Amino acid sequence: MALIALAADKGAPGVTTAAVALGAVWPRPVLVAECDQAGGDLVYRLPAAADDTAGRGAARDGGMLNPSRGLLSLAATARRGLRPEQIAEHCQRLVGGLDVLVGITSAEQAQGMTWLWGPLGRAFAGLAPVDVLADCGRLGAGTPLNDLMREADMVVLFTRATLEQVAHLRERVSALTSELRGGPPIGVIVLADPRDFRASIAEVDRIISSAQHRLNGPDGPVPEPGPAPAPVTVLGGLALDPKGAELLSGRWGGRLDRSLLIRSAREVAGTLAARLATAPGAAAVPDDFPAGPAGPGAGALGQSPPYAPPPPASHPSQEGTGPGAGPPASAPQYQEGRR
């Protein structure tokens, strides 16, 4: 299926929260993979579901994810070759059902894994019928993650609508269009204040479009030998919603499906999935794949139960009229994989 690489530039945090939020409402089978070279955060942020296959002594719901089972254990086996079917045994499940591939815990561990990103990207891209949301964290110049991003169906960059962050984004877009020449399209998602949501997205769109116009010249792109540069499009926005982020990890009580974060994530997930479905060579979800309440084929490697965040302390539920406002839909689900 599709591989979507999620990343940001300097000063634009929030990629991991965005990846989990998008995974919670993704309309197709999905796996969230931590590929951040600086080290992952899921082990410290989100609780693991009980492992029914581990027998006596296995962790109960709410226990800690195993930092040794994930990208590290997969890399140890990948030196003998990496196939898509090997990935599932290294995944873990969060409380609520979302399957994740836990990343490394420190930047030092990444130094000996630069060879992994290309094979891993190809394995993710071949993980039918599962889409993979790869959290690539913050990108730097000449990052080895370019090898993974070249295998992606789309690269999505996150930015906040501030002058310095949009300036960093503009430079990163310029570098990526050159480094990924002939590669996947690049999308931009704006992390925006709900009070100025649409205007923030429109302003970032104007700046990126203006930069692309200057780069290409008034008469279109200057012909160069080799593949064409990757196209760049502003795809929408995610609401800056701290309470929604806390609710997503069970640290705040209320209706997750009514949070501004999840409302806006549902819009973005629908936009991304629609673009991927209409891309040349896109694979369709098999007709006989089990459907769930979250959409066709809900569940990464199996069927998904209703989303149930970890039990929080008692607080009033959150209401809002920000992005994605409208009649509340059914509670979103984490997409579960059964191994």
Side-chain angles (χ1 to χ4, degrees), residues 1-8 15-16 19 23 28-43 65-92 99-157 175-176 178-186 226-227 230 276 279-283 300-301 335 337 339:
M1 294 292 283
L3 167 59
I4 305 95
L6 311 177
V15 180
T16 299
R28 308 195 310 199
V30 72
L31 169 71
V32 172
E34 278 193 303
C35 301
D36 189 343
Q37 288 192 297
D41 296 322
L42 289 179
V43 165
L65 291 165
N66 182 355
S68 299
R69 179 184 175 190
L71 198 58
L72 278 177
S73 59
L74 182 61
T77 64
R79 288 190 177 275
R80 301 187 296 271
L82 180 58
R83 302 182 306 277
E85 57 269 22
Q86 293 174 250
I87 294 174
E89 64 184 277
H90 301 277
C91 296
Q92 300 180 67
D99 267 6
V100 297
L101 181 68
V102 171
I104 58 176
T105 56
S106 69
E108 287 73 20
Q109 293 173 334
Q111 294 177 359
M113 297 173 60
T114 55
W115 59 271
L116 177 65
W117 305 116
L120 184 63
R122 290 188 287 274
F124 283 156
L127 194 63
V130 181
D131 291 336
V132 178
L133 303 177
D135 172 7
C136 298
R138 300 182 188 182
L139 302 179
T143 172
L145 285 170
N146 283 345
D147 292 338
L148 183 147
M149 292 189 289
R150 287 189 185 97
E151 306 296 333
D153 295 272
M154 179 175 288
V155 175
V156 177
L157 300 178
L176 280 181
S178 176
E179 294 168 353
L180 302 181
R181 182 176 289 272
I186 298 172
L276 293 167
L301 303 174
Q335 316 297 327
R339 292 167 287 281

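Bear in mind that the values here come from a model prediction, so they are computed numbers and not experimental data.
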Closest heavy-atom contact between [X] and [Y]?
{"X": "Pro144", "Y": "Thr114", "answer": "CG-CG2, 3.9 Å"}
{"X": "Leu139", "Y": "Leu157", "answer": "CD1-CD2, 4.1 Å"}
{"X": "Ile104", "Y": "Met113", "answer": "CG2-SD, 3.7 Å"}
{"X": "Thr105", "Y": "Pro67", "answer": "CG2-CB, 3.9 Å"}
{"X": "Val15", "Y": "Ala8", "answer": "CG2-CB, 3.6 Å"}
{"X": "Val102", "Y": "Arg69", "answer": "CB-O, 3.9 Å"}

Exercise for review: Would you mind telling me which of Asp153, Val155, Leu276 makes a side-chain contact (heavy atoms from CB on, under 4.5 Å) with Ile4?
Suggested key: Leu276
Output the distance between atom [atom1] ([X]) and atom [atom2] ([Y]), rounded to the nearest 0.5 Å.
{"X": "Asp36", "Y": "Leu71", "atom1": "CG", "atom2": "CG", "answer": "10.5 Å"}
{"X": "Leu31", "Y": "Met1", "atom1": "CG", "atom2": "CE", "answer": "13.0 Å"}
{"X": "Thr143", "Y": "Arg138", "atom1": "OG1", "atom2": "CZ", "answer": "14.0 Å"}
{"X": "Asp99", "Y": "Cys91", "atom1": "CG", "atom2": "SG", "answer": "5.5 Å"}

Exercise for review: Dump the intermediate steps for side chain to side chain contact (heavy atoms under 4.5 Å, CB included) on Leu82 and Leu74, then the final yes or no.
Suggested key: CA-CA 9 Å; Leu82 180 58; Leu74 182 61; 3.6 Å; yes
Is there a donor-acceptor contact under 3.5 Å from the side chain of [X] to the main chain of [Y]?
{"X": "Gln86", "Y": "Ala78", "answer": "no"}
{"X": "Glu34", "Y": "Asp41", "answer": "yes"}
{"X": "Glu179", "Y": "Asn146", "answer": "no"}

Practice item. Check the pair Leu148, Glu151 against side chain to side chain contact (heavy atoms under 4.5 Å, CB included), reporting the backbone distance first and the verdict last. Key: CA-CA 5 Å; Leu148 183 147; Glu151 306 296 333; 5.9 Å; no
**Study point:** Side-chain heavy atoms of Glu89 within contact of Thr77, under 4.5 Å
**Key:** no
Point to revise | Within-4.5 Å side-chain heavy-atom neighbours: Leu176 and Met149 | key: yes
Side-chain donor/acceptor pairs under 3.5 Å, residues 125-135, sequence neighbours excluded:
unit_1 : atom_1 : unit_2 : atom_2 : d
Asp131 : OD1    : Ala2   : N      : 3.0
Asp131 : OD1    : Arg28  : NH2    : 3.1
Asp131 : OD2    : Trp26  : NE1    : 2.9
Asp131 : OD2    : Arg28  : NE     : 2.7
Asp131 : OD2    : Arg28  : NH2    : 3.0
Asp135 : OD1    : Gly137 : N      : 3.1
Asp135 : OD2    : Thr16  : OG1    : 2.6

Exercise for review: Would you sort out whether Leu42 and Gln92 count as a side chain to side chain contact (heavy atoms under 4.5 Å, CB included), showing the intermediate values?
Suggested key: CA-CA 11 Å; Leu42 289 179; Gln92 300 180 67; over 6 Å; no
Check your understanding: Between Ile87 and Phe124, is a side chain to side chain contact (heavy atoms under 4.5 Å, CB included) present by the stated rule, with each step listed?
Key -> CA-CA 8 Å; Ile87 294 174; Phe124 283 156; 3.6 Å; yes
